[in-house]
Structures are given as C-alpha cells and as structure tokens.
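First up is the structure itself, then whatever we jot down about it.
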Number of protein chains: 2
Amino acid sequence: MTSREALVARIMEGQRRFQEAMARDRAHPFFSANLTMSQLKILFALRLNGACGGQELAQTMGVSLATMTGIIDRLVASDHVSRREDPKDRRVRLIELTPQAVKLTDEMIIQGEEFQRQLLSRLTLDELGVIADATDIMQRALAEDQSP
Amino acid sequence: MTSREALVARIMEGQRRFQEAMARDRAHPFFSANLTMSQLKILFALRLNGACGGQELAQTMGVSLATMTGIIDRLVASDHVSRREDPKDRRVRLIELTPQAVKLTDEMIIQGEEFQRQLLSRLTLDELGVIADATDIMQRALAEDQSP
DNA sequence: CGAAATATTAGGCTAAGGCAAACTATCCGT
DNA sequence: ACGGATAGTTTGCCTTAGCCTAATATTTCG
C-alpha cells in the first residue's frame with residue numbers, strides 16, 4: 001500500500017465513524033415528522049432540485065398527474081409545500097417548499113450543527129486551525145469537482 | 001468576534017457546503033427503496049440501537065404489538081429484517097436487520113464513499129496529510145465526548 | 001401450579017395512494 | 001384566431017399499509 005492509499009484509508013475510516021456518530025441526530029426528524037414516504041420523496045426532490053411543476057414531479061416519481069395532485073393537496077394542508085403560478089406559463093402551478101419544510105429536510109440531510117459545535121468547543125486553537133485548513137482544502141476539491 | 005469564533009464559523013460553513021454536496025447521494029436510496037415510513041423508522045431504529053424484541057419496538061414507535069407484528073411480517077417478506085429466538089427468553093423473537101438492510105440504511109445515513117474517494121483523489125500528498133490530521137483530531141474529540 | 005409477559009392470528013376500520021375519465025385553463029403552431 | 005396539445009383539478013373507484021381489540025399459544029418465573 002502506498003502512503004497515499006494509507007492516508008486515504010485513514011481519512012475514510014475516520015469520516016465513516018464521524019458520520020456514524022451523527023446518524024442519530026439526523027434520524028430524529030424522520031421519527032418526529034409525520035410524513036408518508038411519497039411525501040418525503042417529494043420534499044427531497046424539491047429540496048435537491050428546487051421548485052418545479054406537478055407534471056415534472058409526477059414523471060420523476062412515476063405517478064399519474066391526478067395522483068400527484070392528491071399528494072400535493074395533502075402536503076399543502078400540512079404546510080410543507082405551497083403552490084404558485086409560473087410566470088412563464090400560467091398553466092403550470094409551481095410547487096415549492098415552505099420555509100418550515102426546508103428546515104425539516106435540512107435536518108434530515110445536512111448534519112446536526114449543535115453536535116458539531118459541541119465537538120469543536122473541545123479543541124485547542126491550534127487544532128481548530130488544522131480543521132479549518134482541511135475544510136478549505138475540501139472546499140477547493142469540491143469546487144474543482146463541480147466545474148473541472 | 002474572537003479568532004476562535006471565526007475559525008469555528010469557517011469550519012461550520014465549510015462542513016455545511018460539504019454535506020449539501022453529498023445530500024444528493026444520500027437521498028438516492030430513499031427514492032429507490034420501496035419502503036413505507038413505518039418500515040423506514042423501524043430500520044433506522046434497528047440500525048441505531050441493534051436487534052430488539054417486538055414489544056420494545058412497538059413501545060418505541062407507540063403502536064400496539066399486533067400492529068408491529070404486521071409491519072414486521074412485511075419487512076420479513078421484503079427481506080429487510082429477520083426474526084430469531086432470543087436465547088435468554090424464548091418468548092421473545094429478536095428482530096434484526098438483514099445484511100441487505102444494513103447496507104441500505106448505511107447509504108441513507110452514512111455518506112457516499114465513492115464521492116468522497118473521488119474528491120480525495122484530487123488532492124496532493126501534503127493536502128491529504130492535513131485532512132488526515134484533521135480527521136484524527138475529530139476522532140479524539142469524538143471519543144472524549146462519548147466518555148468524558 | 002398459575003399469573004404475567006411475548007408474540008401471533010383473525011376481523012374490521014381508515015387514510016394514503018393509485019388509476020382513468022371528464023373538465024377547465026392556457027399555450028402555441030399554423 | 002382556430003384548434004390541437006399541454007397542465008392541472010375533480011370525481012369515482014380500488015388496493016394496501018397500518019391501526020385497533022379480542023382471542024389464542026407459548027414461555028417465564030414467583
């Protein structure tokens with residue numbers, strides 16, 4: 001094994017443990033939010049791709065438009081999404097997440113800020129510096145990855 | 001703002017972006033797995049707490065034992081969990097995840113290894129060293145946090 | 001032995017999701 | 001500006017997962 005491979009393995013294992021430790025936090029909202037799976041999928045789709053029309057949503061989920069109307073109705077009633085007119089095409093009703101639903105999906109997908117802050121509070125200034133450098137390096141790799 | 005607070009803020013923001021970028025990966029299995037919300041909750045509970053009896057599971061989810069039997073039946077049929085006797089109490093049927101379900105929940109909760117590996121492949125050896133140091137520091141903070 | 005605990009089965013109910021068909025409103029090519 | 005195509009909703013009907021209570025079996029343990 002090259003030293004490079006060894007480093008990568010060490011990092012991956014550490015990251016895995018870290019994620020594992022935060023899994024409990026992320027799983028919480030799944031228990032407290034009273035959603036069906038169809039509803040959850042739609043919230044995720046909207047969170048990842050932004051607002052879109054019902055037709056597109058129905059096709060993505062492999063469901064008829066009539067079915068989608070029903071699902072969206074219930075999500076509107078529970079204040080997770082809202083409908084508004086598409087200024088570009090008035091036939092379309094754009095579906096978008098309410099701020100409350102953005103927060104909910106963030107808790108499910110993004111990590112527990114509280115937990116992270118608590119961990120960081122245990123570190124020395126020097127250690128924080130190393131973490132910050134590492135974060136910056138990953139940011140650059142991420143940026144290059146998205147526009148090579 | 002102290003330099004410490006500045007460092008923490010920089011780290012948190014970087015981590016948030018990083019998680020955001022991986023969110024798509026993690027959301028995938030929610031779309032492809034054909035589960036109901038009750039089923040998902042049970043898989044999560046088993047993944048986080050390990051195998052347990054139906055009674056305990058029913059109480060955790062706030063549901064009657066008869067209901068739980070039905071849900072477990074369907075999860076067994078779809079090969080997500082299995083039942084086995086509890087050697088300590090033969091009245092109890094321990095419910096545990098199948099290897100397939102462990103893999104599935106890992107994909108939902110833990111992060112995309114492939115994506116991570118790809119990002120790391122873009123880094124120099126020096127940069128990898130910084131990341132590895134940072135990972136180790138976080139590991140220590142994590143260990144201290146769990147047993148202070 | 002007998003009460004208590006664990007699980008399953010049977011029977012019955014509800015709500016979410018699934019569809020097709022009919023209808024309205026809007027868009028856009030000719 | 002007419003007319004087909006597209007987006008959405010409504011209606012009516014069906015299926016399934018989940019939910020319960022009550023009855024039954026099995027095992028534990030005082």
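In the text below, chain A, chain B and the rest are named by the order of the sequence lines, each starting its count at 1.
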Mind checking if [X] touches a base, just sugar-phosphate, or nothing, with heavy atoms under 4.0 Å?
X        : value
Gly54(B) : sugar-phosphate
Thr69(B) : base
Ser38(B) : sugar-phosphate

If I take atom [atom1] in residue [X] and atom [atom2] in nucleotide [N], what distance separates them, rounded to the nearest angstrom?
X        : N       : atom1 : atom2 : value
Glu85(A) : dT6(D)  : CD    : P     : 20 Å
Met68(B) : dT21(D) : CE    : C1'   : 17 Å
Ile72(A) : dA7(D)  : CD1   : C1'   : 14 Å
Asp73(A) : dT9(D)  : CG    : P     : 7 Å
Leu75(A) : dG17(C) : CG    : C1'   : 12 Å
Asn34(B) : dG18(C) : CG    : C1'   : 13 Å
Glu56(B) : dT6(C)  : CD    : P     : 10 Å
Ile71(A) : dG18(C) : CD1   : C1'   : 9 Å

Selection from [options] that lies nearest to any side-chain heavy atom of [X]:
X        : options                   : result
Arg93(A) : dT9(D), dA17(D), dA7(D)   : dT9(D)
Thr67(A) : dG18(D), dT9(C), dG18(C)  : dG18(C)
Ala66(B) : dG18(D), dA10(C), dG17(C) : dA10(C)
Leu65(A) : dT26(C), dT9(D), dT9(C)   : dT9(D)
Val63(A) : dA17(D), dT10(D), dG18(C) : dG18(C)

Atom [atom1] of [X] and atom [atom2] of [Y]: how far apart are they, to the nearest 0.5 Å?
X         : Y         : atom1 : atom2 : value
Arg26(B)  : Ile109(A) : CZ    : CD1   : 7.5 Å
Leu75(A)  : Leu46(A)  : CG    : CG    : 8.5 Å
Glu113(B) : Gln19(A)  : CD    : CD    : 10.5 Å
Leu97(B)  : Leu104(B) : CG    : CG    : 9.5 Å

Which residue lies more 5' along DNA chain C, comparing Gly70(B) with Thr36(A) via nearest heavy atoms: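 Looking at the nearest nucleotide for each, Gly70(B) comes out on the 5' side.
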Is there a side-chain contact between [X] and the phosphate of [N], meaning an N or O under 4.0 Å from OP1 or OP2?
X        : N       : value
Arg83(A) : dG8(D)  : no
Ser64(B) : dC19(D) : no
Arg90(B) : dT26(D) : no

Can Glu20(B) and Arg17(B) be counted as an ion pair, charged N to O under 4.0 angstrom?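 Salt bridge: no.
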Can you tell me whether the side chain of Arg91(A) and the base of dT6(D) have a donor-acceptor pair closer than 3.5 Å?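 When only heavy-atom distances are counted, Arg91(A) does reach the base of dT6(D) through a donor-acceptor pair under 3.5 Å.
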Check: Leu43(A) main-chain N/O paired with Thr105(A) side-chain donor or acceptor under 3.5 Å: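 The answer is no, because no donor-acceptor pair under 3.5 Å joins these two groups.
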